[in-house]
Undergrad: 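Supplied in structure tokens, the structure appears directly below.
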Amino acid sequence: PTAKIRLHICNLIFAVGEILMLILPIDYTVHGRVVYSFGPSTLIAYLLCGIYIISTIVTTLIYRKQMPGRRFTAMLLWQGLWMLAAVIQFIKPELLLVGFASSFGMVILYIQLENPSEYVDGSTGLFTTNALSVYVHDKYRFGKSFSMFTAKIHFLTDYVDYNMEHDAVIRTAKALVALGPEPAFRIDDDTFCVLYDDKERMFEKAANIKKQKDNVRDIPAKGTYLLIPDSLKMNGPDEFFRFLHTYLESEQEIVVANDVLIDKLRYQTGIKELIDEALRTDRVEVFYQPFYNVKDSCFNVAEALVRIRRENGEIVPPAEFIPVAEETGQIIMLGIRVFEKVCEFLSKGEAKRLGLDQIEINVSAAQFDHDNPAAFVMENINKYHIDPGQINLEITETAAARNIDIMLMNMNRLIEKGVSFSLDDFGTGRSNIDYFVNMPVKTIKFDHTFIRGFFDNDKIRHVMTGMVDIMHKIGMSVVAEGIETFDQMNVIKDMGVEFIQGYYYSKPVPEDEFIAFLKNNNSPGL
Ligand code: C2E
Ligand code: CA
Ligand code: CA
């Protein structure tokens, strides 16, 4: 409010000043081509200029922390120079310095603020991302549609030297400029775009560029193209740039921004916000699903499965948000939260008293890229005073495929402390023999899709029976997932698996229901 009042006062001063300048008398003398004005009106003009310059200098000094250094020096230099010139001219009126100083100041301002290198890329002469940002914001502000294509260079080998890269970049830039007068931008080391007013022209030019690229044989690179025919399909610059950011990463050769992709982006953005919100307001929950231990006829192991509760109490299943979380990196925070919740639950000791030995926690591939997952797991185990033997981590082949060395290092560190591992989703193509032979896992989980196949397909039945046999021979135990009926349970039990997990026994349930389940089903003598 004070800033607003200050603004109004300034406006008032200037309005009054301008009016006074208009109505007060002004005198002037003419000597040939020289005009010299004086009198009350001119005095007011001097006064206004003085106020203006001094208040600008004061404001600049007050707000120096909020403005980029370049702008700060430019403002001070310009205003200082102006004032100095005015003082000198006041003393020696025949030195007509003021006009000169103010135009000189303008040049300083232009060079300092409109730093051309911010908008033009030095090595290609194309516009930069900053320029694109200004351009796109302007177009949206005036509700004008534009079309755009981007081209990205992907080198097909890791052995790219600087010259080759430079050559590819320069040739691409030249080809883009040769296409026509429309503005071309270099928006990343290897990514370029051109903007058009008309989508037909954009398609035509994009096809032209692709054809030129396809004829280049001496650079081991391929191009991917992202086409946005109508910018107004996105609801503003934020969505536009989010779209770019998301789909520029695509390995697909040609991606066209259509309603399907934009809807997908919006859905993902919604889910991303949902996850952030759930983390912030503690609406991430962990449900537990018990495994039936065939040999001991009890439920001594359970899987922790994450849920998000919407504000209205509705539960969002992980299938809706885990894939998004994996893409956005939120899986790290989510995984940490799940782990803490499980530790907290275990630290109460009640589940253990009711016969629960171990909880299995799902770990996504991305969680192993995180700097040191092993340290984090141990930290929490220590913080909550939990026996590491109570924790089992379920991993998938995808995790191993990403970075097997880091993964093995982390696994071994944890195994040393007593944490164990299972291989999840076996039979989905996400796990193969290689992994369970070479990975330090002691349990294999047959995915429920595989179990479905078991009941529908003779071949799968033989494969699975054989697999279970092999796994037992190499000292591993087996969990069968997704058992829903009494008949299924019986057939699977006869196959000799150690654990059975499925709706037949219990769906994943909240903590209190899970405790109730253990009370009802793990009583001695059952
Ligand atoms: P998953 O690891 O394969 O987990 C088993 C899924 O099968 C669970 O789905 C479970 O509810 C479901 N299921 C169990 N028994 C039956 C049954 O008898 N019939 C049927 N039709 N389904 C059954 P949910 O809870 O929806 O979890 C889906 C996936 O989300 C999990 O698949 C897992 O990959 C992922 N996930 C869940 N929680 C976490 C977590 O905390 N972290 C990570 N990274 N992923 C998680
Ligand atoms: Ca699992
Ligand atoms: Ca599974």
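One-based numbering, in listed order, for ligands and for the atoms of each.
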Undergrad: Does the ring centre of F339 sit less than 6.0 Å away from the ring centre of F376?
TA: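 Yes.
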
Undergrad: May I ask you to check if K507 and Y503 form a cation-pi contact, with NZ or CZ under 6.0 angstrom from the six-membered ring centre and within 45° of the axis?
TA: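 Yes, a cation-pi geometry holds between K507 and Y503.
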
Undergrad: Just to be sure I'm reading this right: ignoring hydrogens, which of N362, I395, I500 gets closest to atom 33 (C) of ligand 1? Compare them by their nearest heavy atoms.
TA: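 Looking at heavy atoms only, N362 sits closest to atom 33 (C) of ligand 1.
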
Undergrad: Where on D425 is there a heavy atom closer than 4.0 Å to ligand 1, on the side chain, on the backbone, on both, or on neither?
TA: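 It is the side chain that gets close, since no backbone atom is under 4.0 Å.
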
Undergrad: If we ignore angles and hydrogens, is there a donor and acceptor under 3.5 Å between the side chains of T128 and N130?
TA: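 Side chains of T128 and N130: no pair found under 3.5 Å.
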
Undergrad: Salt bridge or not for K144 and D138, using N-O below 4.0 Å?
TA: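 Judged by the 4.0 Å cut-off on N to carboxylate O distance, K144 and D138 do not form a salt bridge.
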
Undergrad: Using distance alone, determine whether D424 and ligand 1 share an N or O pair under 3.5 Å.
TA: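 N/O-N/O distance under 3.5 Å: yes.
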
Undergrad: Check if G482 has a non-hydrogen atom at a distance under 4.0 Å from any atom of ligand 1.
TA: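 G482: in contact with ligand 1 (<4.0 Å).
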
Undergrad: May I ask you to list the atoms of ligand 1 that are less than 4.0 angstrom from any heavy atom of I322?
TA: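 Result: 43 (C), 45 (N), 46 (C).
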
Undergrad: May I ask you to check whether S420 and N392 show a side-chain donor-acceptor distance below 3.5 Å?
TA: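 Distance-only check passes for S420 and N392.
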
Undergrad: Do we see a donor-acceptor contact under 3.5 Å between the side chains of H448 and Q501?
TA: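 There is no such pair between these side chains.
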
Undergrad: So is K445 in contact with ligand 1, going by heavy-atom distances below 4.0 Å?
TA: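 The answer is no, since K445 has no heavy atom less than 4.0 Å from ligand 1.
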
Undergrad: At distances under 3.0 Å, what protein N, O or S atoms surround the Ca ion (ligand 2)?
TA: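 Only E303 OE2, N362 OD1, E394 OE1, D424 OD2 fall inside 3.0 Å of the Ca ion (ligand 2).
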
Undergrad: Enumerate the atoms of ligand 1 whose separation from the nearest heavy atom of Q367 is less than 4.0 angstrom.
TA: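 What qualifies from ligand 1 is 44 (N).
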
Undergrad: Could you identify the N, O or S atom of D447 positioned closest to the Ca ion (ligand 3)?
TA: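 Closest to the Ca ion (ligand 3) among those atoms: OD1.
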
Undergrad: Going by the atom numbers of ligand 1, which of them fall below 4.0 Å from some non-hydrogen atom of I331?
TA: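 Going through ligand 1 atom by atom, the ones under 4.0 Å from I331 are 44 (N).
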
Undergrad: At a 4.0 Å threshold, what atoms of ligand 1 neighbour a non-hydrogen atom of V338?
TA: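 The list of qualifying atoms is 41 (O).
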
Undergrad: How about F426 and F446: are their ring centroids closer than 6.0 Å?
TA: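 Yes - the distance between ring centres of F426 and F446 falls below the 6.0 Å cut-off.
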
Undergrad: Please output the side-chain donor-acceptor pairs of residues 185-192 that fall under 3.5 Å, not counting sequence neighbours, one pair per line with the distance.
TA:
| from | atom 1 | to | atom 2 | distance (Å) |
| --- | --- | --- | --- | --- |
| R186 | NE | D189 | O | 3.3 |
| R186 | NH1 | D121 | OD2 | 3.1 |
| R186 | NH1 | S123 | OG | 3.0 |
| R186 | NH2 | D189 | O | 3.0 |

Undergrad: Against heavy atoms of I483, which atoms of ligand 1 measure under 4.0 Å?
TA: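 Numbered from 1, ligand 1 contributes 18 (O).
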
Undergrad: Run the numbers for me: atoms of ligand 1, each under 4.0 Å from some heavy atom of E303, listed by number.
TA: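 In order of numbering, the contacting atoms are 2 (O), 4 (O).
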
Undergrad: Would you please determine whether R307 falls within less than 4.0 Å of ligand 1 on a heavy-atom basis?
TA: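 It does; at least one heavy atom falls under 4.0 Å.
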
Undergrad: Could you tell me which atoms of ligand 1, counted from 1 in the order shown, lie closer than 4.0 angstrom to a heavy atom of P508?
TA: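 Result: 11 (O).
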
Undergrad: Of the backbone atoms (N, CA, C, O) and the side-chain heavy atoms from C-beta on, which set of I361 has a member under 4.0 Å from an atom of ligand 1: side chain, backbone, both, or neither?
TA: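 Answer for I361: neither.
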
Undergrad: Heavy-atom contact under 4.0 Å between K507 and ligand 1?
TA: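 It does not, in that no heavy atom of K507 comes within the 4.0 Å cut-off of ligand 1.
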
Undergrad: Which heavy atom of G335 sits nearest to which heavy atom of Q367, and what is that distance?
TA: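 Looking at all heavy atoms of both residues, the shortest contact is CA-NE2, 3.4 Å.
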
Undergrad: Go through the side-chain N and O atoms of N362 and E303 and say whether any donor and acceptor fall under 3.5 Å apart.
TA: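 Short answer, yes.
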
Undergrad: Tell me yes or no: between the side chains of T443 and E360, is some donor less than 3.5 Å from an acceptor?
TA: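 Side-chain D/A pair, T443 to E360: absent.
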
Undergrad: Between K211 and D214, is the closest basic N to carboxylate O distance under 4.0 Å?
TA: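 No, D214 and K211 are not salt-bridged.
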
Undergrad: Walk me through it: do D259 and K233 pass the test side chain to side chain contact (heavy atoms under 4.5 Å, CB included)?
TA: CA-CA 8 Å; D259 290 341; K233 287 231 186 269; 3.2 Å; yes

Undergrad: Taking E277 as the fixed residue, which of R310, R309, R283 is the one that meets the salt bridge (charged side-chain N to carboxylate O under 4.0 Å, His left out) rule?
TA: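 Going through the options one by one, the only one that passes is R283.
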
Undergrad: Heavy atoms only, cut-off 4.0 Å: how does L305 contact ligand 1, side chain, backbone, both, or neither?
TA: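 Within the 4.0 Å criterion, L305 contacts ligand 1 through backbone and side-chain atoms alike.
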
Undergrad: Counting only heavy atoms closer than 4.0 Å, does ligand 1 sit against the backbone of S364, its side chain, both, or neither?
TA: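 Both backbone and side chain.
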
Undergrad: Would you call E273 and R280 a salt bridge, taking side-chain N to carboxylate O under 4.0 Å as the test?
TA: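 Between R280 and E273 there is no salt bridge, as every charged N stays at least 4.0 Å from the carboxylate O atoms.
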
Undergrad: Do the side chains of E253 and K213 get close enough for a salt bridge, i.e. N-O under 4.0 angstrom?
TA: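 The answer is no: the pair does not qualify as a salt bridge.
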
Undergrad: Minimum distance, heavy atoms only, to atom 15 (N) of ligand 1: which one of Q501, H448, Q289 is it?
TA: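 Among Q501, H448, Q289, the closest heavy atom to atom 15 (N) of ligand 1 comes from Q289.
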
Undergrad: Using a plain distance cutoff, I'd like to know if G502 has any nitrogen or oxygen under 3.5 Å from a nitrogen or oxygen of ligand 1.
TA: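 N/O-N/O distance below 3.5 Å does not exist for this pair.
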
Undergrad: For the residue pair F514 and Y288, does the interplanar ring angle fall in the parallel (under 30°), tilted (30 to 60°) or perpendicular (over 60°) class?
TA: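 Parallel.
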
Undergrad: For ligand 1, is A319 a contact, meaning one of its heavy atoms is under 4.0 Å away?
TA: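 A319 does not count as a contact of ligand 1 under the 4.0 Å cut-off.
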
Undergrad: For ligand 1, which atoms sit closer than 4.0 Å to a heavy atom of P318?
TA: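 Listed by number with element: 24 (P), 25 (O), 26 (O), 27 (O), 28 (C), 30 (O), 37 (C).
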
Undergrad: If we only count N/O pairs under 3.5 Å, is R452 in contact with ligand 1?
TA: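 Between R452 and ligand 1, no N or O pair is found under 3.5 Å apart.
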
